[in-house]
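What follows is a short report on a single structure.
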Amino acid sequence: MGEPSALLQTLRLGLLYFSTVFLAGFLLGVLRTLWLAPWIGERSAELVEFPVMLVVMVLAARIVVQRCPQRTSLLLIVGGIAALGVLVFDVLVGLWLRELSLREILFERDPLTGTIYYLMIGLLVLLPAGLARIRG
């Protein structure tokens with residue numbers, strides 16, 4: 001059997017990137033909520049979590065770049081798939097597990113940590129293409 005099409009490869013890599021980042025974020029979120037936030041507060045706990053998530057995102061993006069031809073357009077799509085997946089699943093977790101409204105999940109975040117969260121989502125999109133450009 002031949003090589004998978006570029007579209008199929010892009011979809012697979014997007015799902016790999018998403019699942020890696022989301023799983024790490026979900027596990028860190030549970031630890032943050034149950035252990036760290038009661039100890040140091042919600043905002044401080046989120047601020048501690050962001051650098052860890054940044055490392056996870058960079059490592060996951062490196063894996064994607066190693067497996068994908070160095071085509072910036074495809075890597076941007078991979079990042080977009082991952083970011084969209086993270087946003088959708090963050091909403092689902094907020095609705096079902098945290099019993100928040102859609103408005104609370106998307107728009108009523110702490111001004112500092114909410115801004116950082118959305119910047120991290122943007123970075124999630126750009127990291128694979130950015131790392132590929134640096135490598136090559």
Side-chain angles (χ1 to χ4, degrees):
M1 196 157 192
E3 290 288 315
S5 71
L7 179 62
L8 185 57
Q9 181 184 23
T10 302
L11 181 58
R12 285 181 181 164
L13 288 172
L15 293 174
L16 171 67
Y17 188 34
F18 152 72
S19 60
T20 303
V21 171
F22 183 77
L23 179 61
F26 184 81
L27 294 174
L28 288 170
V30 169
L31 291 173
R32 180 193 75 233
T33 302
L34 297 179
W35 179 71
L36 196 56
W39 185 45
I40 64 172
E42 186 64 33
R43 178 186 256 190
S44 296
E46 287 183 19
L47 291 172
V48 167
E49 182 182 6
F50 285 129
V52 178
M53 280 306 302
L54 180 59
V55 170
V56 169
M57 289 166 48
V58 169
L59 293 175
R62 286 181 66 196
I63 291 168
V64 165
V65 170
Q66 290 170 354
R67 295 179 181 200
C68 185
Q70 307 239 349
R71 293 178 52 192
T72 303
S73 60
L74 292 181
L75 291 170
L76 287 171
I77 293 169
V78 167
I81 291 168
L84 181 62
V86 166
L87 287 170
V88 167
F89 275 81
D90 278 353
V91 166
L92 293 175
V93 167
L95 291 172
W96 290 333
L97 294 180
R98 299 181 67 208
E99 298 180 346
L100 299 172
S101 71
L102 185 59
R103 180 173 179 75
E104 289 172 310
I105 297 163
L106 295 176
F107 304 112
E108 295 179 10
R109 293 177 170 267
D110 176 88
L112 175 61
T113 59
T115 301
I116 295 170
Y117 170 81
Y118 286 115
L119 289 172
M120 295 280 282
I121 294 294
L123 187 58
L124 185 66
V125 174
L126 300 174
L127 262 173
L131 290 177
R133 287 185 63 93
I134 290 169
R135 287 183 70 188

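Side chains are part of it too, since the values below use all heavy atoms of this structure and drop only hydrogens, waters and symmetry mates.
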### Message
For a quick test of reading the model, state the closest non-hydrogen atom pair linking Leu95 to Ser101 and the distance between them.
### Response
CD2-C, 4.2 Å
### Query
Side chains of Leu126 and Leu76: does their closest heavy-atom pair fall under 4.5 Å?
yes
### Query
Do Thr113 and Tyr117 touch side chain to side chain, with heavy atoms closer than 4.5 Å?
no
### Task
Supply the atom-to-atom distance Thr10 OG1 to Ile81 CD1, rounded to the nearest 0.5 angstrom.
6.5 Å
### Query
Does any non-hydrogen side-chain atom of Leu54 lie less than 4.5 Å from one of Leu123?
yes
### Query
What distance do Arg12 atom CZ and Ser5 atom OG have between them, rounded to the nearest 0.5 Å?
8.0 Å
#### Entry: Closest non-hydrogen atom pair between Tyr118 and Ile105, with its separation
OH-O, 4.2 Å
#### Entry: Any Thr115 side-chain heavy atom under 4.5 Å of Arg109 side chain
no
### Any residue meeting side chain to side chain donor-acceptor pair (under 3.5 Å) with Glu108, in chain and number order, not counting sequence neighbours
Arg103
### Query
Are any of the side-chain heavy atoms of Leu13 and Gln9 separated by less than 4.5 Å?
yes
### Query
How about Phe22 and Asp90: do any of their side-chain heavy atoms sit closer than 4.5 Å?
yes
### Query
With the 4.5 Å side-chain cut-off for hydrophobic clustering, are Leu34 and Ile40 part of the same group?
no
## Note on the structure
Looking only at heavy atoms, the pair that brings Gly29 and Glu49 closest together is N-OE2, 3.6 Å
### Query
Are Leu27 and Trp96 grouped together when hydrophobic residues (ILVMFWY) are joined by side-chain heavy atoms under 4.5 angstrom apart?
no
### Task
Test Val55 against every option in Val52, Leu59, Val58 by the side chain to side chain contact (heavy atoms under 4.5 Å, CB included) rule and name the one that passes.
Leu59
### Message
Please say yes or no: joined through hydrophobic side-chain contacts below 4.5 Å, possibly via intermediate residues, are Leu7 and Val64 part of one cluster?
### Response
no
### Query
Can Glu104 and Arg98 be counted as an ion pair, charged N to O under 4.0 angstrom?
no
### Query
Under 4.5 Å between any side-chain heavy atoms of Val91 and Leu106, yes or no?
yes
### Task
Could you tell me the separation between the SG atom of Cys68 and the CG atom of Leu74, rounded to the nearest 0.5 Å?
5.5 Å
### Same apolar cluster (I L V M F W Y, side chains within < 4.5 Å links), Leu84/Leu92
yes
#### Entry: Val65 to Pro128 - nearest heavy-atom pair and separation
CG2-O, 3.2 Å
#### Entry: Side chains of Leu28 and Phe50 in contact at under 4.5 Å (non-hydrogen atoms)
no
### Query
Do Leu119 and Val125 sit in the same hydrophobic cluster, where Ile, Leu, Val, Met, Phe, Trp and Tyr count as joined when their side-chain heavy atoms come under 4.5 Å apart?
no
### Query
Quick one: which of Leu124, Leu23, Val86, Val88 gives a side chain to side chain contact (heavy atoms under 4.5 Å, CB included) with Phe18?
Val86
### Approximate separation, where rounding is to 0.5 Å, of Arg43 CZ and Leu112 CG
4.5 Å
### Summary
Taking every heavy atom of Met53 against every heavy atom of Ala24, the minimum-distance pair comes out as SD-C, 4.1 Å
### Task
Look up atom CG in Leu36 and atom CD in Glu42, then write down how far apart they are to the nearest 0.5 Å.
9.0 Å
### Task
Determine yes or no for a side-chain-to-main-chain donor-acceptor pair under 3.5 angstrom, with Ser19 supplying the side chain and Leu16 the backbone.
yes
## Note on the structure
Scanning both residues in full, the closest heavy-atom pair of Tyr17 with Ala60 reads CD1-CB, 3.7 Å
